[in-house]
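Just below is one structure, and these are the notes that go with it.
What you see is a predicted model; the values in this text were computed from it and never measured.
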Amino acid sequence: MTLSSTESTPEPAPAGRVWRFDDFALDTARYELRRDGDVIKVEPQVFDVMTHLVSNHDRFVTKEELFDTVWGGRFVGEAALTSRIKAVRHALGDDGESQRYIRTVRGRGYQFVGTIAVDTVDVTPAVPESAPPPRQHIAFCRAADGVRLAYAVAGEGPPLVRAANWMTHLGYDIESPVWRHWVRDLAARHTFIRYDERGCGLSDWEAADFTFDDWVTDLESVVEALGLERFPLLGVSQGSAVAVAYAAKHPEQVSKLILCSSYARGRAVRAIDDAERRAAALDLDLARVGWGRDDPAFRQVFAAQFLPDGSRADWEAFDHLQRRTTSPENAVRFLEEFARIDVRELAQRVSCPTLIMHSRDDHRVPMRYGEELAALIPDSRLVALSSNNHLLTETEPAWQVFCSEVEAFVAD
């Protein structure tokens, strides 16, 4: 028997469709797999693999088609696909021996062989498009050493300040798939204040000094320019370390501390063997060689760490973000200083309630470093997010969990 597959471009699953088979419902609008009404948690790429197989149940799907559809044609090893297929089967109570739902077409691909109850397939309303970006006011102030800093204010309500992290651009972030949902959703209930750190975005790129202490004093300068007295402070990635240092230094101003994808020690400080030291050095080499090139191959290494489950559009946006937000020279300076971060002592001096959220399978900063920081801060609570991404994407369920946790925490 000869099996073949269509050579045409695979069609995506219809928006909002609910595929039903046996006790299962695969809901593409809600991004949920349910069994008898109970949600079964699956990772985003596992869900995407399952959806593509189910929506093309009338034929087998080649491995190449799955790579193109789920990973956007990016280079990934076959082991990645094998592990996702295994996870799909596990979620459905299937395995490679019985192949009740997912059949392996040896050497070629896979086919969904469950019985779709066509007469009970229904269509839910399409997921609404993203809301328009909020209006923002961009202004400038001077740091203690005279460096020009750009800051932006968006939304209305009680203040929420975000300590700067790299790869931001105040004018571009409200449109970029990497950051737009952060601005939109956090400005929906707050006066959301953010700024581009020195060497980045609309702030001065030609800063003579580029130290961690400079980043902390830059936050002080923005807070002073806005006349803020007391506020919750958010830190993301390396911005979390800056937020920790500021909260330890200014306990009278920080009411609550929110940290995401955070760490107390940079890569060079936490490296315990030659392999980890080489990995830290590789960051610098990639930035030196590839940051300014037209070929995105080198920069995609960073995309794979920051957004491993991101879509093709997410990766392209991240690539644009890297080139648009800072220079190759500054990227190296950032990475050198990030590697030297060590706020372990300062973390123990934080006195305000602290919420720490971290992706369970963060590829850039493993979960154990978020756990380390949570152990250091006295009044802290750690929430593990079901994600592989270092920067949460707009469409993944973990983003809604993040937003809900933030709102409940600041309202308490």
Can you tell me how far apart [atom1] ([X]) and [atom2] ([Y]) are? Round to the nearest 0.5 Å.
X	Y	atom1	atom2	value
Leu186	Cys403	CG	SG	6.0 Å
Cys260	Leu234	SG	CG	7.5 Å
Thr325	Glu197	OG1	CD	9.5 Å
Ile258	Leu160	CD1	CG	5.5 Å
Glu316	Asp319	CD	CG	8.5 Å
Tyr369	Asp362	OH	CG	11.5 Å

Between [X] and [Y], which heavy-atom pair has the shortest distance, and what is it?
X	Y	answer
Leu391	Phe318	CD1-CE1, 4.0 Å
Pro353	Ser255	CD-O, 3.6 Å
Ser387	Leu392	OG-CD2, 4.0 Å
Tyr101	Asp94	N-OD2, 2.8 Å
Cys141	Ser221	SG-O, 4.2 Å
Gly370	Leu382	O-CD1, 4.3 Å

Regarding [X] and [Y], does a basic nitrogen lie under 4.0 Å from an acidic carboxylate oxygen?
X	Y	value
Arg184	Glu394	yes
Lys256	Asp379	no
Arg189	Glu156	no
Asp95	Arg89	no
Lys249	Glu220	yes
Glu405	Arg381	yes
Asp274	Arg277	yes
Arg180	Asp173	no

Within the side chain of [X], is there an N or O that forms a donor-acceptor pair under 3.5 Å with the backbone of [Y]?
X	Y	value
Arg194	Leu170	yes
Ser83	Ala80	yes
Thr69	Glu65	yes
Thr191	Gly157	yes
Ser262	Ser237	no
Thr168	Ala164	no
Asp22	Phe24	no
Ser203	Asp196	yes
Ser261	His390	yes
Asn56	His52	yes

Relative to the ring of [Y], is the ring of [X] parallel (under 30°), tilted (30 to 60°) or perpendicular (over 60°)?
X	Y	result
Phe334	Phe210	tilted
Phe338	Trp215	tilted
His169	Tyr172	perpendicular
His57	Trp19	perpendicular

Is any side-chain heavy atom of [X] closer than 4.5 Å to a side-chain heavy atom of [Y]?
X	Y	result
Asp342	Phe212	no
Leu149	Leu202	no
Ile40	Glu32	no
Ile85	Leu53	yes
Leu385	Trp399	no
Tyr263	Gln238	yes
Val269	Ile341	no
Val39	Leu33	no

Quiz question: by atom type and distance under 3.5 Å, do the side chains of [X] and [Y] form a donor-acceptor pair?
X	Y	result
Gln253	Arg230	no
Asp214	Thr211	yes
His320	Ser176	no
Glu371	His358	no
Asp309	Asn389	no

Answer yes or no on whether Arg162 is positioned over the face of Trp179, meaning its NZ or CZ is under 6.0 Å from the six-membered ring centre and within 45° of the axis. yes
Partner of Arg198 under side-chain hydrogen bond (donor to acceptor under 3.5 Å, both in side chains), picked from Asn330, Asp204, Asp209, Asp145, is Asp145
Is it true that, when you exclude [X] itself, more than 12 heavy atoms of the residues, nucleotides or ligands shown sit nearer than 6.0 Å to its [atom1]?
X	atom1	answer
Gln348	CD	yes
Lys63	NZ	yes
Glu252	CD	yes

Between Glu372 and Arg344, does a salt bridge (charged side-chain N to carboxylate O under 4.0 Å, His left out) hold up when you go through it step by step? CA-CA 9 Å; Glu372 177 186 51; Arg344 285 175 291 179; 5.2 Å; no
